[in-house]
Amino acid sequence: MERSVLRINREAVVHNVREIFRFSGKKIIAVVKSDAYGMGVRCVVPILNDLPEIEAFAVACPEEGVVLRGMGVRKEILVLGGLLPEDLEAVEEFKLTPVVSDVEHLKVIGDRDLKFHVKYDTGMGRLGFLNEVIEDPRVVGVMSHLSTPGDREFSLIQIKKFETIVKRYPKGLKVHMESSAGIVYRVPFTTHVRVGLALYGEKPLRDYPLRLRPAVTLKARIISVKDLPPGHPVSYGRTYVTRGKTRIGVVAFGYADGLMKSLSNRGTLLYKGKEIPIIGNITMDMTVVDLTDTDARVGDWVTVVGEGRTFGDLAKIAGTIPYELMCNVSERVVREVI
Ligand SMILES: *Cc1c(COP(=O)(O)O)cnc(C)c1O
């Protein structure tokens with residue numbers, strides 16, 4: 001019945017986790033904010049939760065942490081996105097671990113019996129203290145974040161700054177800085193890596209030394225096939241007009257499902273491994289493709305991501321990053337694990 005499905009390959013995710021662990025030699029904090037980057041926490045978290053290499057999870061806000069607890073997660077859950085007064089109740093009740101990155105967050109904690117990590121801004125220019133050390137026995141971890149992991153020179157400056165800060169803390173704390181891309185720096189003084197994207201086999205850098213396996217396929221069904229005569233416009237705004245006789249297919253997948261409108265007349269989908277151009281404007285629930293010279297029929301599936309094509313590949317054409325495309329995959333798309 002479903003018109004679009006996003007399939008997570010369990011074996012591939014497990015392989016990727018082991019590869020991240022092998023390469024970094026560090027336990028992993030799995031970042032599953034924003035519904036596991038749109039891949040669906042209900043599919044992804046049960047896979048990760050069973051793996052010994054995954055020591056903790058990280059989410060953006062307490063609400064996301066509460067969902068994980070509701071799924072039976074007993075591992076540590078870091079809340080990356082600060083701590084507002086209204087968050088305290090859930091953080092305490094569900095035993096979430098806040099990341100403190102502003103004096104106001106410290107005030108919220110007050111004298112409560114609550115362990116927390118402290119975040120440092122070593123060049124990201126977003127969350128984090130610049131260099132003040134929080135001398136408090138409730139601090140169980142310190143972290144920082146690379147702003148430009150593709151820039152070696154700048155990343156090494158950030159790493160150096162962070163090292164100076166870490167040295168002013170007692171030994172035995174959790175120390176983490178490397179995201180999927182940051183792993184390549186093999187920072188010697190961190191104890192954990194904090195990764196999201198690489199779990200799905202998406203490459204965060206062009207030359208990425210980890211051997212990852214693509215873990216996600218995204219498919220949608222063809223709901224109409226017909227032949228148009230030459231000179232016939234296609235979709236809203238008539239941005240495409242058929243040159244010759246053209247067999248068009250209407251795919252039940254539009255920008256509401258996550259296929260960005262910027263891919264109109266630029267991107268392609270795959271039918272039986274063959275690229276089929278997206279023609280005309282992508283609409284809310286449907287996208288028109290050129291199926292000339294295929295034997296495609298109504299009800300057949302086309303591939304948006306998979307069969308050798310990643311979110312990253314599509315993102316490049318759309319002028320964005322894989323993260324944004326992934327987060328855009330809507331709830332309407334059925335998630336399943338194979
Ligand atoms: C999202 C996020 C990560 C994970 O980044 P990936 O590139 O997906 O590995 C790590 N740290 C912080 C602070 C984040 O916000």
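Being a predicted model, the structure only gives us computed values, none of them experimental. For ligands, and for the atoms within them, numbers begin at 1 and follow the listed sequence. Hydrogens, waters and symmetry mates play no part in the numbers below; they use all other heavy atoms, side chains included.
- Taking the six-membered ring for Trp and thresholds of 30 and 60 degrees, Phe162 and Phe189 have ring planes inclined between 30 and 60 degrees apart.
- Taking every non-hydrogen atom of Val195 and a distance limit under 4.0 Å, the qualifying atoms of ligand 1 come out as 9 (O).
- At a heavy-atom cutoff of 4.0 Å, ligand 1 is contacted by both the backbone and the side chain of Arg194.
- Taking any N or O of Leu197, backbone or side chain, at least one lies under 3.5 Å from an N or O belonging to ligand 1.
- Listed by atom number, the atoms of ligand 1 under 4.0 Å from Lys119 heavy atoms are 13 (C).
- Salt bridge Glu76/Lys174: present, at least one basic N to carboxylate O contact under 4.0 Å.
- Under the 3.5 Å distance criterion, with hydrogens and angles disregarded, a donor-acceptor pair is assigned to the side chains of Thr190 and Glu178.
- Taking any N or O of Tyr323, backbone or side chain, at least one lies under 3.5 Å from an N or O belonging to ligand 1.
- For atom 14 (C) of ligand 1, the closest heavy atom belonging to the protein is Lys33 NZ, 2.9 Å.
- For the 3.5 Å distance criterion, the side chains of Thr122 and Ser144 qualify, holding a donor opposite an acceptor.
- Under the 30°/60° scheme for interplanar angles, the aromatic rings of Tyr323 and Tyr37 are found to be tilted.
- By heavy-atom distance, the residue among Ser180, Ser34, Pro149 lying nearest atom 6 (P) of ligand 1 is Ser180.
- In summary, the side chains of Asn265 and Thr239 do present a donor paired with an acceptor at a separation below 3.5 Å, with no hydrogens or angles considered.
- If you check which protein heavy atom lies closest to atom 8 (O) of ligand 1, you get Tyr37 OH, 2.5 Å.
- In terms of protein heavy atoms, atom 12 (C) of ligand 1 is closest to His145 CE1, 3.4 Å.
- Under the 3.5 Å distance criterion, with hydrogens and angles disregarded, a donor-acceptor pair is assigned to the side chains of His145 and Arg194.
- Within ligand 1, the atoms closer than 4.0 Å to a non-hydrogen atom of Gly196 are 4 (C), 6 (P), 8 (O), 9 (O), numbered from 1 in the order shown.
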Verdict with supporting geometry, Lys119 and Asp102, salt bridge (Lys or Arg N to Asp or Glu O under 4.0 Å): CA-CA 9 Å; Lys119 184 166 189 179; Asp102 190 295; over 6 Å; no
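- At under 3.5 Å, not a single nitrogen or oxygen of Met143, backbone or side chain, sits near a nitrogen or oxygen of ligand 1.
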